[in-house]
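Down below is the structure, laid out as structure tokens.
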Amino acid sequence: SSKPSIELENQQFPTDSWTNLPPHIASALPRKLHLQPSHPIAITRKLIESRFPAATYKPYNDLSPIVSVHQNFDSLGFPLEHPGRSKTDTYYVNASTVLRTHTSAHQADTFRAQESDGFLISADVYRRDAIDRSHYPVFHQMEGARMWSRDEHGGNVAAAVWADFEKLPKHDMVIEDPNPTIHPERNPLQDPHTAEEAEAIAAHLKRSLENVVVEVFGQAKKAAIAAGEAKGDEEPLRVRWIEAYFPFTSPSWELEVFWQGDWLELLGCGVVQQHLPTNAGVPSKLGWAFGVGLERVAMLLFGIPDIRLFWSHDPRFLEQFSEGTINRFVPFSKYPPCFKDIAFWLKSSSSAAGGGVGAGFHENDMMECVRGVAGDLVEDVRLVDEFTHPKTGRKSVCFRINYRSLERTLTNEEINKLQGDVGAAVVEKLGVELR
Ligand code: PHE
């Protein structure tokens, strides 16, 4: 961050006090896993794309991850105080430029371009986050949208949307969907829409996405049976719609599936807030949008147990997959874990109450130090202890780092060196004092 500019995708960007993009994150930009035909992320993308006719849903697969704060937040109606905008959550190239945190960053521009009635945007997205087997600071999303024009339908699109709904494939999956489409407090209708329009759009949205789930789980089950993992007589798949909130849709939902004992969120969606098409110069259009996490779906489809594997260069991983084929991942080995604790005193200014662990100290900053030193050699990092000194009021925290390579057994010397370097990094970057 002491450099006056950084180069990303052959372009120079000036840096400033907002810049927080470390080299180990910038190095992910050229990977483009969703475009490598035999990579599980690309295979998953194509499987989902196959459920949406390309004539209606135009695919966009190479939009740049470097977007403006306006595209990522303002254009979608994120309030200025939204936590997603903070430096602890988002990678800033500089004060006005970020690495997109979601594919919704391209909604406004794509509505404005008006190249089709719908679209599918697949891309890498970036978020500062915890470290564990299902969280990685870079992942992939697919954004989908479908719009109808009131100009073409006499001022009300409900009948046209229902007609399109009738053309969608039907399925016989049981879906839990206990809430009304519209709830005045929890999930309100937008002023510019009639209840008939919102009901029709919601029905088309839900059916379209349920058809994706039917396809994905059908394929996952076939692959499991082929691998001898399942006999095909287990409990039926449980899928549910729950109410959600996004600044750019209303009403909004999330789709969850019951997987390995827990409800797993696959996607967010809803009826597009009318300010988006209006500001994009297409005020007579209305419809739905969704954003689905591709790693989540790929982990279910291929049985991939750790999100770091997607980034592996190891041929023992990459050579297991081929274009157009869904098969179960065969783990090459589970190498031994090694747990190391690191404890430190927070800066006295950060001992004040509030703001999570301590005001001025954010767990994501700790995560970033660990990733900067040890990269993919860390499986997870957990806060295991917090302590406030009774006399001085100083606060101390202890994190447990689980070092484990996906590719080999780490040596003691190597781990001790990494642990020492993590200690030096937190002292330098976070100004804390090791205990
Ligand atoms: N962008 C949202 C997210 O990343 C998902 C979403 C997309 C929700 C489109 C609604 C509509 O969580």
Side-chain angles (χ1 to χ4, degrees), residues 34 41 45 48 52 57 59-60 63 65 67-79 82-86 89-91 98-111 118-130 134-147 179 181-182 186-190 193 198 201-202 204-206 208-210 212-213 241-257 263-277 279-280 285-297 307:
H34 63 294
I41 294 296
R45 165 180 67 80
I48 302 175
F52 294 97
Y57 298 88
Y60 296 84
L63 299 175
V67 301
S68 64
V69 169
H70 178 84
Q71 288 172 299
N72 199 79
F73 295 118
D74 304 332
S75 74
L76 293 157
F78 277 78
H82 193 282
R85 292 184 183 250
S86 71
D89 286 32
T90 294
Y91 292 108
V98 295
L99 297 186
R100 70 184 151 218
T101 64
H102 54 176
T103 42
S104 302
H106 302 290
Q107 272 195 22
D109 297 338
T110 315
F111 288 140
F119 58 73
L120 298 175
I121 299 169
S122 296
D124 41 333
V125 301
Y126 297 77
R127 288 186 201 173
R128 296 181 96 228
D129 212 335
S134 62
H135 289 91
Y136 201 82
V138 193
F139 59 103
H140 295 77
Q141 287 186 325
M142 184 191 291
E143 192 89 357
R146 174 77 164 93
M147 303 296 275
N179 295 303
T181 305
I182 296 161
R186 299 192 313 257
N187 222 356
L189 178 71
Q190 300 173 43
H193 298 163
I201 291 167
H204 191 278
L205 166 63
K206 287 180 175 174
S208 300
L209 290 169
E210 287 162 6
V212 171
V213 174
W241 287 107
I242 57 167
E243 293 172 336
Y245 173 80
F246 303 100
F248 40 96
T249 51
S250 192
S252 307
W253 301 275
E254 280 166 1
L255 183 67
E256 297 187 333
V257 296
W263 286 102
L264 181 75
E265 178 199 329
L266 287 190
L267 61 88
C269 65
V271 178
V272 174
Q273 279 281 358
Q274 205 56 35
H275 64 73
L276 268 137
N279 294 339
K285 296 201 176 169
L286 62 163
W288 54 248
F290 71 81
V292 58
L294 296 181
E295 273 78 357
R296 288 275 170 90
V297 176
I307 197 166

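Each ligand, and each atom within it, is numbered from 1 in the order the structure gives.
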Would the distance check show the side chain of Ser250 and the main-chain N or O of Gln190 forming a donor-acceptor pair, the cut-off being under 3.5 Å? no

Any sub-3.5 Å donor-acceptor pair from Arg45's side-chain atoms to Ala123's backbone N or O? no

Considering heavy atoms of the protein only, find what lies nearest to [atom] and give residue, atom and distance to 0.1 Å.
atom                    : answer
atom 12 (O) of ligand 1 : Phe246 CE2, 3.9 Å
atom 1 (N) of ligand 1  : Ser104 OG, 2.8 Å
atom 7 (C) of ligand 1  : Gly291 N, 3.3 Å
atom 6 (C) of ligand 1  : Gly268 O, 3.6 Å

Working to the nearest 0.5 Å, report the span between NE2 of His204 and CZ of Arg146. 5.5 Å

With rounding to the nearest 0.5 Å, note down the distance linking NE2 in His193 to CD in Gln274. 3.5 Å

Return yes if a side-chain donor-acceptor contact under 3.5 Å exists between Asn72 and Thr101, otherwise no. yes

If you measure from atom 4 (O) of ligand 1 to every heavy atom of Glu265, Glu254, Arg127, which option wins on shortest distance? Arg127

Among Trp253, Tyr245, Phe139, Phe248, which residue places a heavy atom closest to atom 2 (C) of ligand 1? Phe248

If we number the atoms of ligand 1 from 1 as shown, the ones under 4.0 Å from a heavy atom of Cys269 are 8 (C), 10 (C), 11 (C)

May I ask you to list the atoms of ligand 1 that are less than 4.0 angstrom from any heavy atom of Gln107? 9 (C)

N/O of Glu143 under 3.5 Å from N/O of ligand 1, yes or no? no

Ring geometry between Phe73 and His102 (parallel below 30°, tilted from 30 to 60°, perpendicular above 60°): tilted

Using the rule given for side-chain contact (heavy atoms from CB on, under 4.5 Å), can you reason through Phe139 versus Ile41, listing the C-alpha separation, both sets of side-chain angles and the distance that settles it, and then say yes or no? CA-CA 10 Å; Phe139 59 103; Ile41 294 296; over 6 Å; no

